[in-house]
Amino acid sequence: MKIISSHTEMKNLSLTYRRSGRTVGLVPTMGALHEGHLSLIKRAAEQVDITVTSIFVNPIQFGPKEDLDKYPRTLERDRELAEAAGSDLIFAPSLKDIYPENYSTFIEVENVTETLCGANRPGHFRGVATVVLKLFNIVCPQVAVFGQKDAQQVVVIRRMINDLNLSVQLEVAPIVREEDGLALSSRNQYLSDRERAEVPRIYEGLRSARDLYEKGERSASKIRQKVLSVYSDAENFIPEYVEVADLDLLKPLQNIDSTALVAVACRTKESGTRIIDNITLGGDL
Ligand code: AMP
């Protein structure tokens, strides 16, 4: 399978496909592909004629103290995995290709980027929205598939698509987990053995929130407290946030009248790995 590294070549190719009546789908990733990413590729491949997987570690979505330098880069392995999952092309541009000298344009999606991960990662969603809009403009997809794993990212991209009248259909794929419940993530490989043994508790907390909701509890603070109680004696991680928010604008809820997102971020103590996870209650993202 071909790896395309130039945005002009990618755009020309996509436009050629589209002119010949073929549909194009995009799965944006930062590489180090795992079964979560592959489920997105499979989902796209079922729906479109040409599936493009983009692989780009986007520096402007990393904070100054974050893991940009050590983020795993495994392009050749990614190529094989993506192809086996049904990807037709990989778009893996260089940094210069995406952000040439004097690059100056950034996308700010307001109201949905100040809470949850946005509160702890200033500038993160500005970087995400900017690169995703650029990828949309380069790959010209009719369909783009994102994972529920990054729930706030889905909300931000959905807002951007609506607000800017983009002609892209957004698909949200469910979270793929290890057998013990841990959500797959390229960052899980940073975990020490002791951390790895304990972090399935992060999902356990979310499951206990769902149990409480299914028993009829609708108080957001009681559900939040329940999750926190599951994390309270964890030795290897601390919660950064546990929030119960609405699915549209991510506003904190007092009561769950219809649907809700229960989102958590935790940081492990030894390796400092940040782990995010979430569930929805009463509906889908
Ligand atoms: P990333 O490479 O981490 O930027 O992720 C690329 C895409 O894969 C995003 O849309 C993520 O939400 C999605 N993704 C990451 N982990 C998972 C997972 N465990 N299950 C489903 N989708 C995932």
Side-chain angles (χ1 to χ4, degrees), residues 25-47 51-63 66-68 70-75 77-79 81-82 85-87 90-93 98 116-117 121 124-136 139 141 143-158 160-161 168-191 196 199-200 202-203 206 247 261 263-266 273-280 284-285:
L26 170 66
V27 179
T29 81
M30 297 204 299
L33 300 185
H34 51 62
E35 286 296 330
H37 299 114
L38 302 182
S39 75
L40 272 50
I41 294 172
K42 287 175 194 159
R43 172 93 167 242
E46 280 166 13
Q47 297 193 25
T51 296
V52 180
T53 303
S54 66
I55 296 181
F56 181 65
V57 182
N58 177 35
I60 68 166
Q61 71 186 66
F62 286 76
E66 292 182 3
D67 57 341
L68 174 63
K70 73 167 182 178
Y71 199 85
R73 289 157 170 92
T74 55
L75 187 57
R77 183 173 173 273
D78 290 348
R79 194 180 70 80
L81 291 172
S87 187
I90 283 190
F91 176 51
I98 295 295
L116 307 175
C117 288
R121 303 185 75 188
H124 171 69
F125 289 109
R126 175 182 190 255
V128 168
T130 300
V131 81
V132 170
L133 182 60
K134 282 178 68 80
L135 290 169
F136 284 175
V139 178
V143 175
V145 187
F146 290 83
Q148 185 193 322
K149 165 85 177 0
D150 297 87
Q152 188 169 17
Q153 174 169 281
V154 167
V155 171
V156 170
I157 301 304
R158 184 176 281 147
M160 178 178 79
I161 289 173
V168 183
Q169 180 191 323
L170 185 151
E171 293 271 329
V172 184
I175 301 176
V176 177
R177 300 180 178 281
E178 303 280 6
E179 262 178 30
D180 59 13
L182 176 65
L184 298 193
S185 164
S186 308
R187 290 186 166 104
N188 289 349
Q189 54 190 279
Y190 301 155
L191 296 169
R196 177 64 190 83
V199 291
I202 295 172
Y203 182 51
L206 293 170
L247 294 180
L261 176 75
V264 304
C266 296
T273 306
R274 195 165 177 280
I275 296 178
I276 57 169
D277 202 348
N278 68 81
I279 54 165
T280 58
D284 293 325
L285 198 59

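Being a predicted model, the structure only gives us computed values, none of them experimental. Position 1 is the first residue of the sequence; numbering continues from there. We count ligands from 1, going down the list as the structure has it; atoms in each ligand are counted the same way.
- Scanning the protein heavy atoms around atom 10 (O) of ligand 1, the nearest turns out to be Gly147 N, 2.9 Å.
- The closest non-hydrogen atom to atom 5 (O) of ligand 1, taken over Arg177, Met30, Lys149, His37, comes from His37.
- Taking every heavy atom of Pro174 and a limit of under 4.0 angstrom, the matching atoms of ligand 1 come to 20 (N), 21 (C).
- Using a 4.0 Å cut-off between charged nitrogen and carboxylate oxygen, Arg177 and Asp277 count as a salt-bridge pair.
- From the protein, the heavy atom lying nearest to atom 20 (N) of ligand 1 is Val176 N, 2.9 Å.
- Applying the 4.0 Å criterion to heavy atoms of Phe146 picks out, from ligand 1, the atoms 10 (O).
- For ligand 1, the atoms sitting less than 4.0 Å from at least one non-hydrogen atom of Leu40 are 7 (C), 8 (O), 10 (O), 13 (C), 22 (N), numbered in the order shown with element in parentheses.
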Q. side-chain contact (heavy atoms from CB on, under 4.5 Å) between Glu178 and Arg196: does it pass, once the steps are laid out?
A. CA-CA 11 Å; Glu178 303 280 6; Arg196 177 64 190 83; 3.7 Å; yes
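- At least one heavy atom of Gln153 lies less than 4.0 angstrom from ligand 1.
- In this structure, Met160 and Val128 have side chains that are not in contact, with every pair of non-hydrogen atoms separated by 4.5 Å or more.
- Each of the atoms 16 (N), 17 (C), 18 (C), 19 (N) of ligand 1 lies under 4.0 Å from some heavy atom of Leu184.
- Side-chain contact check for Ile202 versus Val264: some heavy-atom pair is nearer than 4.5 Å.
- Of the polar atoms of Asp150, at least one N or O is found under 3.5 Å from an N or O of ligand 1, judged by distance alone.
- Taking 4.5 Å as the limit, every side-chain heavy atom of Leu40 sits out of range of all side-chain heavy atoms of Thr29.
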Q: Apply the test side-chain contact (heavy atoms from CB on, under 4.5 Å) to residues Val155 and Leu285: give CA-CA distance (whole Å), side-chain angles for both, the deciding distance (0.1 Å), then the verdict.
A: CA-CA 8 Å; Val155 171; Leu285 198 59; 4.2 Å; yes
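- The two residues Ala265 and Arg274 have their closest heavy-atom pair at CB-NH2, 3.8 Å.
- With a 4.5 Å cut-off on side-chain heavy atoms, Phe136 and Ile161 count as touching.
- Taking only nitrogen or oxygen atoms, main chain and side chain alike, Ala173 does not reach within less than 3.5 Å of ligand 1.
- Distances below 4.0 Å separate heavy atoms of Ile175 from the following atoms of ligand 1: 20 (N), 21 (C).
- Under 4.0 Å from ligand 1, the heavy atoms of His34 that appear belong solely to its side chain.
- At least one side-chain heavy atom of Leu38 sits under 4.5 Å from a side-chain heavy atom of Glu35.
- Ligand 1 places these atoms under 4.0 Å from at least one heavy atom of Pro28: 6 (C), 7 (C).
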